Amino acid sequence: MKNYDHKKIEKKWQSRWEKESAYRADDVSEKPKDYLMIEFPYPSGEGLHVGHVRSWTALDVLARKRRAQGYNVLYPIGWDAFGLPTENYALKTGRDPRIVTKENTDNFRRQIKSLGLSFDWSREINTTDSSYYKWTQWLFLQFFKKGLTYKAKTLINWCPKDKIGLANEEVVDGCCERCGTPVEKREKEQWMMAITKYAQRLYDDLDTVDYIERAKTEQRNWIGPSDGAEISFSLSWQRPRMRIVFATNNLGKLKRMRKLFEEGHIDIELLMPKDIGIERFDVSEDARTLEENSEKKARALAALTDLPVFADDSGFFIDGEMIDPIAVKRNALAGDDEKSLSIEEIGGRMQSYYADIARKRGGKVDAEWRNNLCFITPGKVATHIETTRPVILTSESHGAVDPYLPLRGLYISKATGKYVLEQTDAEESLELGPITDGLKKLFMQSLTVFTTRPDTLFGATYMVLAPEHPLVSMLANEFDNKDEVIAYQTAARNKSDIDRTAEGKEKTGVELKGIKAINPANKKEIPIFIADYVLGSYGTGAIMAVPAHDERDGAFAKKYGLPIIQSVTPDMSAFEKTEKVLTALDTIYEAAKKKDIKFWVLGGLACAFYAKIIYREFEDIDLITKDDNSYQKLLTLFGELGFHKVAEKKISENLTNSILKNDEGIEIDIGPYIREFDCQDDDFEEQEKSLNHHTALVLSQRFVKKFKEQQLKNRGKDKDKIDWEYLNDKFFVDDGFLVNSGTLSGLPSDEAKKMITEFVGGKMVTTFKLRDWVFSRQRYWGEPIPMIHCERCGWQPVPEDQLPVTLPEVEKYEPTETGESPLANITKWVNTKCPKCGGDAKRETDVMPNWAGSSWYYLRYIDPQNTHEFASPDLMKYWTPVNWYNGGMEHTVLHLLYSRFWHKFLFDQGLVPSPEPYMKRTSHGLILAEDGSKMSKSKGNSVSPDALVESVGADSLRLYEMFIGPFDQPVAWNNNGVVGMRRFLERVADIKADNVTKLEPPLETLLHQTIKKVSDDIEKLKMNTAVSALMILLNEYEKLDSVSSEAYETFLKLLAPFAPHLTHELWEKSGHPTELRLEPWPVADETKSKGTTAHIAIQINGKTRGEIDAAIDSDKSTLENLAHEAVVEKLDGKTVSRVIIVPNRLVNFVVVED
RNA sequence: GGGCGAGUGGCGGAAUUGGUAUACGCGCCAGCCUUAGGAGCUGGUCCCGCAAGGGUUGGGAGUUCGAGUCUCCCCUCGCCCACCA
């Protein structure tokens, strides 16, 4: 058959298989199950890509082979049809995405079916069907119920072009992954999923699954755990004790608030307006809300004082119901002018008004006005006065008032346990804990950092906060340089990520003036900066900066002239020297500073050491003494730098005085410093004695400054010259031994980490890079998030029996200008009733991200038509987990991680039977265009499967894609290659077989070797070599006039998974009544595959010099004799010293020349 | 900058895991068939050499009877992450 009619054959078998439901998986079966899955496609308008064909054919080959091996194979297909391209297309054309999706899936289905892929079409699913997304929504609600979804106002990545919030994962190099527009930061309320709660397990359980290593590595990097410590730094204001005024004259409230302060160890004096002589600060106009009222009160008070005002809230809850403050007051005043009444009078009237309410409700007032006010209602729990917002700090004297701003950070998010900017969840109540904690933060008792290097704590010379750190916002008004701070903060916020990184690592920052931190290790006061090289989203948003041992901190410290103190050294020998000298220098320097003197004096050995250290900046010398040449050199050098005087006598007051007079005329008493220093160290003292004299260098501050400049210039010139890494640009960032670390000096880093952390009361923690998943999209074409917002009850889930919340049809697909979903414009849909209280409420208008529907689809395949649960537990028990999941490398981080997260959560709820969704994961390589560039329709270099199916047939296309190269590697397309496969198949069709020809070695051997090779290779997805083995076999067949029918039929069976149509046709043609696909998979016969003869290589000194054929498994001496005979001339004149024999493979003569 | 991976003909790539390097396919060359054409057939195709023979897996060293494969150094390319404390 020179040319076989692929169109006819392929059509015939495809319709036959469809009619027979040939590839339907049985839910009830005696056979072992095998669940194979490919990533369900996004049905784009472009149609099928040859990349799809590669992945799906590979698993199709596997599926067909395993069916033949007796497995009950589930190989399903579906559509991941929500998504931006369809929505953008709808935007452009105004067409309904439902219709577009239908067209696209129809086209995909037709294309897939033309390839003969053995999918189980009876389980076809579509994420955009409401019968599917009903369960996506249901699953979302399970997360909500367990507190794993929450709404948070956060800075999100905002793509100004797509008008859509992006997950961190969708931002590539600071640009939108889809359209490449630089991403902006925007504040937005978003649904979040607390994937971080599962970070540790998602990380650990990677050890239990069989994923390609690269996928595991990438997931591990993404989760990014690092072990370290959280350490608190005490803070101190450099200002007198803060006094603030409480905007109420209600003593009870004041007392309670004072108690809160006490409990929180907040050292603030809380005053009543009376205490500062303000009797009344009435609000002239009515406020409409509680907040407004309290703000107005605070403002009124703030206008009368320069002190910060701590605003009271004047509303009350009774039995959980808020009493309108305006109404209370109006009733209390009863038409009288507020100003004409005394505070007490108003209070009294209000009390009776409350008593009135209480009476009406069948309760009574059970507390003293001004002390505590309680209403008791029969049968109900007493509710004491609560405020909706406990405190508001404001201060007119500090400019613009945002009354709520200072309190941001006081709320604890139930989902994350972290402070959030706004109270967003109705369930979050105002407990004492959060308030005192918040106040503690507010008034700066401590600041917690995360560090992986607690061992370097003694070298922490400053702290850095992220610009968005809550503390900065809370206290923005309190810094001495508040304008600068606020400006920096604003600039950082407006910077897109691309700006933040594009500036080429040049670090910027601003010191928070008026506040200092205390290094808990050495009790030294250190400055605090804000800088955008610290990320608010990682760790605690604050760091201790150790410039000597962290490159970033080092760069920052250099730029801003901050002290650099080494606290770790790579080797112990360096330790002794540096430790002593640094301590000595420090002591003297500190002492000199205290005395406010401009000179310092070093004498004796200290001088020598210091000089040595200094001098090493210029030239390496071992020791300086007064007689030493290098010492003279040093003096000369110092002289050049402007050094004024060198004394070479035992230091005395006289001498000192005279020296100093000669310089700038300031006298100091150096004696005590020298003595203090000398006595400090035994070694020094001893050596001092032996030297028996002092050599003194007198350095002026001016000189020191100059010297430091010089030192800066020389940094990095000769890196190996100095073992003090921090003097160079290259910082010593590894573990080593501690120096300058008090009693811990000398300890190795790893030991010191725990010790220091315990020593300063910190705790060891693991921090992850992984962040919570932004789950909201302000878009149309996605699953509506099934939540309802009620003014009274907060966020309420849509009751499960009301699912699905179907996506309504809209006229316009554009997001609103404010970035809300187009759904927000459909008031009829948006307005609904609160499921809890029945009052007016609004639907969430955001939709879910694309990853939602794909996070659980493998479960739906198991039971796609189930109307009362997402899948039957029994069926899940049979089918899960997925045995083998193949997909693109680009999905190994996001999709796979999200999917594992959902699955683990479901496992915890007892909803799925296994902890991991996928047992094995492989990834196919990309198919590139012929020129090696990425294939795309716009470039016009893409290959259409349709055209190839038409011209050479699906079998040739399948075969080529399997043969094209290693499955996991990217490969370039080559159209001629397809033709080669077509040629191969035509030759297959031409093979003649009969029942007379015998199957015997060597062909029999090769056949069995091929069975083994093809079987093994398919399991390893080494499809290219499997096909190659079949070609080799065919080449042998063609050398014969005719082959035995056994050989022929086995060949067809082996080729069937790759080229199902042609092989089925040929099988039928050779007279079989049943289909080839029902035949069992051939099994290689070990003895037959061994053959009868072996080809033996003969080597001399490892180089091949000949070859022989020998009977298989010949013994060694036979082989040696045969081999010797074969190369006897080449061994002539040489002595064989050794013979190495590898049975059935080679004989190697080791010879020595004569 | 950090992590991972890879370098073999004109091209895609193979090599039983330390044992005859360049299988299989594409392309190319020659011949055949053909009015012609090539998606047909036959043969050839790593390099030097007429040959005998010799050399060759990015470069350099090492271990070994024997290295594409293992070790070290260097070079080049690809992917992922990227101020993660």
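What you see is a predicted model; the values in this text were computed from it and never measured. In the text below, chain A, chain B and the rest are named by the order of the sequence lines, each starting its count at 1.
Between Gly977(A) and Gly224(A), the residue anchored closer to the 5' end of RNA chain B is Gly977(A), taking for each the nucleotide with the nearest heavy atom. The residue among Met544(A) and Thr217(A) whose nearest nucleotide of RNA chain B is located toward the 5' end is Thr217(A).
Figure legend. G31(B) is base-paired to C41(B); pairs are counted as Watson-Crick or G-U wobble with both atom distances under 3.5 Å. G12(B) and C24(B) make up a base pair, with Watson-Crick or G-U wobble contacts both under 3.5 Å. Pairing for G1(B) goes to C81(B), judged as Watson-Crick or G-U wobble with the two contacts each under 3.5 Å. Base pairing annotation: U57(B) forms no Watson-Crick or G-U wobble pair, as no partner gives both donor-acceptor distances under 3.5 Å. Base pairing of C70(B) is made with G62(B), judged by Watson-Crick or G-U wobble geometry with both donor-acceptor distances under 3.5 Å. When Watson-Crick and G-U wobble pairs are counted only if both distances are under 3.5 Å, U76(B) pairs with A6(B).
Glycosidic conformation at U17(B) (O4'-C1'-N9-C4 for purines, O4'-C1'-N1-C2 for pyrimidines): syn, within 90° of 0.
Comparing C26(B) with G38(B), their C1' atoms sit 16 Å apart, to the nearest whole Å. Taking the C1' atom of each, G68(B) and U57(B) are spaced 5 Å apart, rounded to whole Å. With C1' as the reference atom, C11(B) and C33(B) are 29 Å apart, rounded to whole Å.
Taking atom CZ on Arg214(A) and atom P on G3(B), their separation rounds to 17 Å, with Å as the unit. When rounded to the nearest whole Å, the span between CD1 of Ile1100(A) and C1' of G53(B) equals 14 Å. We find that CZ of Phe963(A) is positioned 7 Å from P of G25(B), with the value rounded to whole Å. For the pair Lys559(A) NZ and C83(B) P, the interatomic distance rounds to 17 Å; values are reported in whole Å. Rounded to whole angstrom, the span from the OH atom of Tyr960(A) across to the C1' atom of C26(B) amounts to 8 Å. In this entry the distance linking OH of Tyr211(A) with P of C4(B) reads 22 Å, nearest Å.
Aromatic rings from Tyr560(A) and Tyr462(A) are positioned such that their centres are separated by 6.0 Å or more. The aromatic ring centres of Trp222(A) and Tyr203(A) sit 6.0 Å or more apart. If you look at Phe1058(A) and Phe963(A), their ring centroids are not closer than 6.0 Å.
Counting distance only, with no hydrogens placed and no angle test, the side-chain atoms of Arg1145(A) and the base atoms of U16(B) include a donor-acceptor pair under 3.5 Å. At a cut-off of 3.5 angstrom, the base of C81(B) holds no donor-acceptor pair with the side chain of Lys769(A). Contact of Asn1148(A) with C65(B) (side chain to base): a donor-acceptor pair of N or O atoms is detected under 3.5 Å.
Within the 4.0 Å cut-off from OP1 or OP2 of G19(B), not a single side-chain nitrogen or oxygen of Lys1103(A) is found. In this model, the phosphate group of G25(B) is approached by a side-chain N or O of Asn1035(A) to a distance below 4.0 Å at OP1 or OP2. When the side-chain nitrogen and oxygen atoms of Lys1012(A) are compared with OP1 and OP2 of U16(B), none of them lie within a distance under 4.0 Å. Here Ser226(A) reaches the OP1 or OP2 of A85(B): one of its side-chain N or O atoms lies under 4.0 Å away. A sub-4.0 Å separation between OP1 or OP2 of A14(B) and a side-chain N or O of Asn1024(A) is present. OP1 or OP2 of G54(B) lies within a sub-4.0 Å distance of a side-chain N or O belonging to Arg1105(A). Considering only side-chain N and O atoms, Arg1138(A) lies under 4.0 angstrom from the phosphate OP1 or OP2 of C65(B).
Using a 4.0 Å heavy-atom cutoff across all strands shown, Gln1099(A) reaches at least one base atom of the nucleic acid. Note on Lys216(A): nothing from the nucleic acid sits closer than 4.0 angstrom, heavy atoms only. Residue contacts for Ile964(A): at a heavy-atom cut-off of 4.0 Å it reaches the sugar-phosphate backbone alone, with no base atom in range. Residue contacts for Asn974(A): at a heavy-atom cut-off of 4.0 Å it reaches the sugar-phosphate backbone alone, with no base atom in range. Residue contacts for Val1142(A): at a heavy-atom cut-off of 4.0 Å it reaches a base atom on one of the strands shown. Ile1140(A) comes within 4.0 angstrom of a nucleotide base, judged by non-hydrogen atoms across all strands. Using a 4.0 Å heavy-atom criterion, one finds that Met981(A) contacts the sugar-phosphate atoms exclusively.
Nearest nucleotide to the Val979(A) side chain, out of A85(B), G25(B), A39(B): A39(B). The side chain of Met1031(A) lies closest to G25(B) when the candidates are C26(B), C83(B), G25(B). In the set C80(B), A85(B), C26(B), the nucleotide with an atom closest to the side chain of Asn976(A) is C26(B). The Ala1097(A) side chain lies nearest to U20(B) when the options are U20(B), G13(B), A85(B).
Summarising the geometry of Ala1029(A) relative to Thr1010(A), their closest heavy-atom pair is O-CG2, 3.9 Å, with the distance given to 0.1 Å.
Ionic pairing of Asp207(A) and Arg220(A) is present here: one or more N-O contacts between side-chain nitrogen and carboxylate oxygen are shorter than 4.0 angstrom.
In this structure, Arg771(A) forms no cation-pi arrangement with Tyr538(A), as its terminal cationic atom is not both closer than 6.0 Å to the ring centre and no more than 45° off the ring axis. Annotation: cation-pi geometry satisfied between Lys507(A) and Tyr533(A) (NZ/CZ under 6.0 angstrom from ring centroid, within 45° of ring axis).
Qualifying side chain to side chain donor-acceptor pair (under 3.5 Å) partners for Asp1016(A), counting only residues two or more places apart in sequence or in other chains: Lys1012(A).
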